[in-house]
2 protein chains.
Amino acid sequence: MEHIARDADIAPVAALIADPTRAAILTALLDGRALAAGELARVAGVSAATASAHLARLLDGRLVDVVRQGRHRYYRLSGHEVAEVLEVLARISARPPVRSLRQSRQARLLEEARTCYDHLAGRAGVGLLDGLRAGGFYAGADLTGEGERLLTGLGVDVAGARGSRRRFAPECLDWTERRAHLGGALGAAVTYALFERGWYRRGTVPRAVILTDEGREGLSALFPSKELTSHTPVT
Amino acid sequence: MEHIARDADIAPVAALIADPTRAAILTALLDGRALAAGELARVAGVSAATASAHLARLLDGRLVDVVRQGRHRYYRLSGHEVAEVLEVLARISARPPVRSLRQSRQARLLEEARTCYDHLAGRAGVGLLDGLRAGGFYAGADLTGEGERLLTGLGVDVAGARGSRRRFAPECLDWTERRAHLGGALGAAVTYALFERGWYRRGTVPRAVILTDEGREGLSALFPSKELTSHTPVT
DNA sequence: CGTACCCTTCGACACAGGACGAAATGTGCG
DNA sequence: CGCACATTTCGTCCTGTGTCGAAGGGTACG
């Protein structure tokens, strides 16, 4: 009368994430960019041979894709579902103690504004969603008509996001802020547009993004509330 | 110049899920009930000693809670966040091939209607959300005023769900249907009310739930669309 | 109390798999 | 063609951990 597993077996996938080196690799890829095998070895702090073995296993388990370019091989997460797993896991995982000053500065940068795979997170992401809500541009898990006009005017490909097979505009729980930010296809499209406009740019710390002067102006014009724009720059 | 992990380290938590025996135990607990250590050993197909060791590790990692009752120790998931991790992992995990007739019947039961930790999932869960939407009771990620009246009238503790620190009424992606069902605090409250009314009851297969005759009548009165009520009983 | 039962701890074993250096493969460039 | 570089494959070592039987606490019940 025993019940054999008829659910999806999650153990093999979890095992792929369970190794510290592979977890470091996956986390490094969490910003959606593709990194070369050598870079990943360096980030994870292991030899090239070791990283290669791990990447082969991740590839086999379909957690990452590879694109060959010359003598480099660039690896990236195979999709946003993988990023979601990592984020959800982070939500119930302990945050390691901060050791150095530099680390605490990096931590503050990430709490301020970062990308969560392909959309904006951290205080900036939460503030953006708050601003959209306060202005009547977003309600429930959808844009209002007014919101659709606003974002389209800013160069966001709203129609394309709607056509995507991905969920359109779900709220995504932020694991530093413990509040929601904008995720899904629309979250990605908005973030893409913000980069295109130069309102945000990538920082030197992986996943960290930085509000530019133009961005501060543009956003404060759109959202009169202070939340989004008053945050002090981290230097 | 290497980047040490300043993110939450997810590897230890993933390692807890990565062992097949522990994954079986966690999956068995996914319906939110508390099971005794012996039962868990049996469902996982290991000796009591082995199960005990695994449960100790899960306890240490805060994935499960234990409640001692006489000479039994009942284990349960420590919270819905843990259940969410398991569900998200299942979404990117391979479904094992069906081996026996009994397994395929069980699989059909679960696809039809099951609980996802504490709310309704499967075709029944997806149909319920569809019905709420079609009737104008739910839009975006919130109840409409009409929906609030309807559910309150059915005995759902809507106010309590709103007061919860959990998200109120998020859409939860169903990994068998690949469509959304109702999750969060409201999903749990609705499911609780459906059980209280006797419209659904627990099946013999873990996590499976069964639509009762009263439930069929009640739901078809509320939601004229056929989706929710026409499904053929699995025998 | 003594017995039956549930569960955990202990001791011992076996095995998976992660680590590296060295060598092999493959690509680009002069 | 030959050298430089990125990456993988191979061989080997070694730690970590999952497994069980047997023994050791607790708890209930007659």
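First the proteins, then the strands, lettered A, B, ... as listed; each starts at 1. Just so it is clear, the model here is predicted, and its values are computed rather than measured.
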Between which nucleotides of DNA chain D, read 5' to 3', does contact with chain B run, using atoms under 4.0 Å from its heavy atoms?
D:dT17 to D:dA28
So, using side chain to side chain donor-acceptor pair (under 3.5 Å) as the criterion, who are the partners of [X] when residues are at least two apart?
X	result
A:S164	none
B:D19	none
A:R33	A:D31
B:E214	B:T212

Rounded to whole Å, how long is the line connecting atom CD1 of A:I17 with atom C1' of C:dG17?
18 Å
Looking at OH of A:Y117 and OG1 of A:T191, how far apart are the two atoms once the value is rounded to the nearest 0.5 Å?
13.0 Å
Spatial distance of atom OG1 (B:T50) from atom CG (B:L55) [nearest 0.5 Å]
10.5 Å
Atom pairs, N/O to N/O, protein against nucleotides 25-28 of chain C, distance under 3.5 Å?
from: C:dT27; atom 1: OP1; to: A:R68; atom 2: NH2; distance (Å): 3.1

What residues, two or more places apart in sequence or in another chain, satisfy ring pair (Phe, Tyr, Trp, His ring centres under 6.0 Å) together with A:Y74?
A:H72
Expected rows: protein N/O vs nucleotides 20-24 of chain C N/O, under 3.5 Å:
from: C:dC20; atom 1: OP2; to: A:S47; atom 2: N; distance (Å): 3.3
from: C:dC20; atom 1: OP2; to: A:S47; atom 2: OG; distance (Å): 3.4
from: C:dC20; atom 1: OP2; to: A:T50; atom 2: OG1; distance (Å): 2.5

Could you tell me, to 10°, how much the axis swings from one end of the helix from C:dC7-D:dG24 to C:dG30-D:dC1 to the other, five pairs per end?
40°
Looking at C:dG18, C:dA19, C:dT8, which one has an atom nearest to any side-chain atom of A:T21?
C:dA19
If the condition is salt bridge (Lys or Arg N to Asp or Glu O under 4.0 Å), which residues does B:D157 pass it with, not counting sequence neighbours?
none
Close residues, residues 28-37 of chain B, relative to DNA chain D [heavy-atom separation under 4.0 Å]
none
Going by heavy atoms closer than 4.0 Å, what residues in residues 52-66 of chain A are next to DNA chain D?
A:S52
